[in-house]
Amino acid sequence: MAGKTVPLYTVDAFARAPFTGNPAAVCPVPSAAEDFSDDVKLKIAMEMNLSETAYVHPANSAETLQSAQEFNLRWFTPINEVNLCGHATMATATVIFRALGNNNTELKFNTLSGQLKAKRDGKLIALDLPVNPCTTEIPEGLDGLIKECLGDIKPADIQRAPGANVELVLRLPDEGGRASLEGLAPDISKFMGHHNTGEVKGVIVTVKANGEVNEDGTPYDFFSRYFAPWNGIDEDPVTGAIHTVLCDYWSKVLGKQEMFAHQCSKRGGDVRVRLQGGGRVELAGQASIVLEGKINI
């Protein structure tokens, strides 16, 4: 492998402009035969030091990145592989469509979470992902973690999404609104000390919108933040995967199939959510390629 060079991109996903949304690295590999070891994948992800680095190659060895419609896709954080990552899937589709000139209108990705799809939708990239439903069955021993996350705020609801990435869902009282969510200042370094059994690997905090709108005047339905130090991510800027959880939760609360959400990290990003039936959800947003280069492995 000495001296081997592979292309590498950085893409801001769920971003209306560069340097917003959630950055992901994307490493397109021409074929399975030219793929490299998981150890190298993890080292590249550590080097990039982003929440996720995606690795993609055509599923059919006879096809190219420029012509294929079906691909194999994996995602690595700086410390491990994850089962589902929405924003890195959007970033990967953006690279294949825009940087590599693939003219297909829809791409299929074979992943640890089954087959995902991405399609062009005007300026947006729309992802077809599995819904990850919530349950009210909560493991014992989470009081310290919840207190560390919310401080003196008593959650209006506590649920858990045991699916792809195993998340705890904490809903804040409606009256606090977005300000209460953005005002949280947890010591994330203490999360794993409160809980490290594997029954929770991420904490979603969410709250109902109270009439807030985006720059275009579109009203928001809900807001969120996401903390996942168990996966090497203190706070994720904008997380597609958690919206496969929140779509199920807020659809039941609001009685809506289509919703508009904002993740309230410092970078921030908007996510359009549409439940499609059959256990699937469409997440759509904009993306921007901000870096293109090569990495020596």
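Side-chain atoms are counted along with the backbone in the values below, which use heavy atoms only and exclude waters and symmetry mates.
- A cation-pi arrangement, defined by a distance under 6.0 Å to the six-membered ring centre and an angle within 45 degrees of its axis, is absent between K108 and F71.
- Using cut-offs of 30° and 60° on the angle between ring planes, the pair W250 and F222 is parallel.
- Interatomic distance, CG of D234 versus OG of S265, reported as 13.0 Å (0.5 Å rounding).
- Between the side chains of D236 and N22, at least one donor-acceptor pair of N or O atoms lies under 3.5 Å.
- Counting heavy atoms from C-beta outward, Q263 and D270 have side chains that stay 4.5 Å or more apart.
- Across every non-hydrogen atom of P23 and P237, the tightest pair is CD-CG, 4.3 Å.
- No salt bridge links R178 with E212; every basic N to acidic carboxylate O contact stays at or beyond 4.0 Å.
- Between D216 and R16 there is a salt bridge, with a side-chain nitrogen of the basic residue lying less than 4.0 Å from a carboxylate oxygen of the acidic one.
- A salt bridge does not link E47 to K43: none of the charged nitrogens lies less than 4.0 Å from a carboxylate oxygen.
- Looking at T218, its side chain never comes within 3.5 Å of a backbone N or O of N214 through a donor-acceptor pair.
- The closest side-chain heavy-atom distance from V6 to V29 is not below 4.5 Å.
- With E235 as the fixed residue, the salt bridge (Lys or Arg N to Asp or Glu O under 4.0 Å) test singles out one of K266, R225, R267: R225.
- With respect to the salt-bridge test (charged N to carboxylate O, under 4.0 angstrom), the residues E167 and K201 do not qualify.
- The two atoms that bring P18 and V290 nearest to each other are CB-CG1, 3.8 Å, heavy atoms only.
- Pairs engaging residues 142-161 under the side chain to side chain donor-acceptor pair (under 3.5 Å) rule: K147-D152, E148-H194, D157-Q159, D157-Y249 [sequence neighbours left out].
- With hydrogens and angles disregarded, no donor-acceptor distance shorter than 3.5 Å links the side chain of D121 to the backbone of I125.
- Between E106 and Q69, some side-chain heavy-atom pair lies under the 4.5 Å cut-off.
- S288 and D12 form no side-chain donor-acceptor contact under 3.5 Å, judged by distance and modelled atom types alone.
- A heavy-atom distance below 4.5 Å is not found between the side chains of R274 and C247.
- Inspection of the D39 and S37 side chains reveals no N or O donor paired with an N or O acceptor under 3.5 Å.
- Salt-bridge annotation for K208 and D221: absent, with no side-chain N of the basic residue lying under 4.0 Å from a carboxylate O of the acidic one.
- In this structure, the side chains of V271 and F260 stay at 4.5 Å or more apart for every pair of heavy atoms.
- A side-chain donor-acceptor contact under 3.5 Å links S180 to the backbone of G177.
- A distance of 12.5 Å separates CD1 of I96 from CG of N103, quoted to the nearest 0.5 Å.
- A ring pair (Phe, Tyr, Trp, His ring centres under 6.0 Å) check over residues 3-24, counting only residues at least two apart or in different chains, returns nothing.
- Under a 3.5 Å cut-off, the side chain of T239 and the backbone N or O of I242 do not form any donor-acceptor pair.
- Taking both residues in full, the closest heavy atoms of L129 and G86 are given as CD1-CA, 4.3 Å, listed atom of the first, atom of the second, then distance.
- Side-chain N/O atoms of H195 and T197 include a donor and acceptor closer than 3.5 Å.
- The nearest pair of heavy atoms linking P78 to M46 is O-CG, 2.9 Å.
- Considering CG of L168 and CZ of F191, their distance stands at 10.0 Å, rounded to 0.5 Å.
- Between K119 and D128, none of the side-chain N atoms (NZ, or NE/NH1/NH2) sits under 4.0 Å from a carboxylate O, so this pair counts as no salt bridge.
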Side-chain donor-acceptor distances from residues 109-117 under 3.5 Å, at least two apart:
from	atom 1	to	atom 2	distance (Å)
N110	OD1	Q115	NE2	3.1
N110	ND2	E70	OE2	2.9
N110	ND2	N72	OD1	3.1
T111	OG1	S113	N	2.9
T111	OG1	G114	O	2.8
S113	OG	N83	O	2.6

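- Side-chain contact of N210 with D174: a donor-acceptor pair under 3.5 Å is absent, judged by distance alone.
- Surrounding CE of M192 are more than 12 heavy atoms belonging to other residues, nucleotides or ligands, all under 6.0 Å away.
- The closest donor-acceptor contact from the side chain of H262 to the backbone of G269 lies under 3.5 Å.
- Under the 3.5 Å distance criterion, with hydrogens and angles disregarded, a donor-acceptor pair is assigned to the side chains of N132 and T244.
- One distance of note links CG of L107 with CZ of R120; it measures 7.5 Å at 0.5 Å rounding.
- Listed here is the closest heavy atom pair of V213 and P219: CG1-CA, 3.7 Å.
- In this model, no donor atom of one side chain and acceptor atom of the other lie less than 3.5 Å apart for W75 and T92.
- Although no hydrogens or angles enter the test, the distance criterion places no donor-acceptor pair under 3.5 Å between the side chain of D35 and the main chain of H57.
- Taking every heavy atom of both residues into account, A68 and N104 meet most closely at O-ND2, 3.0 Å.
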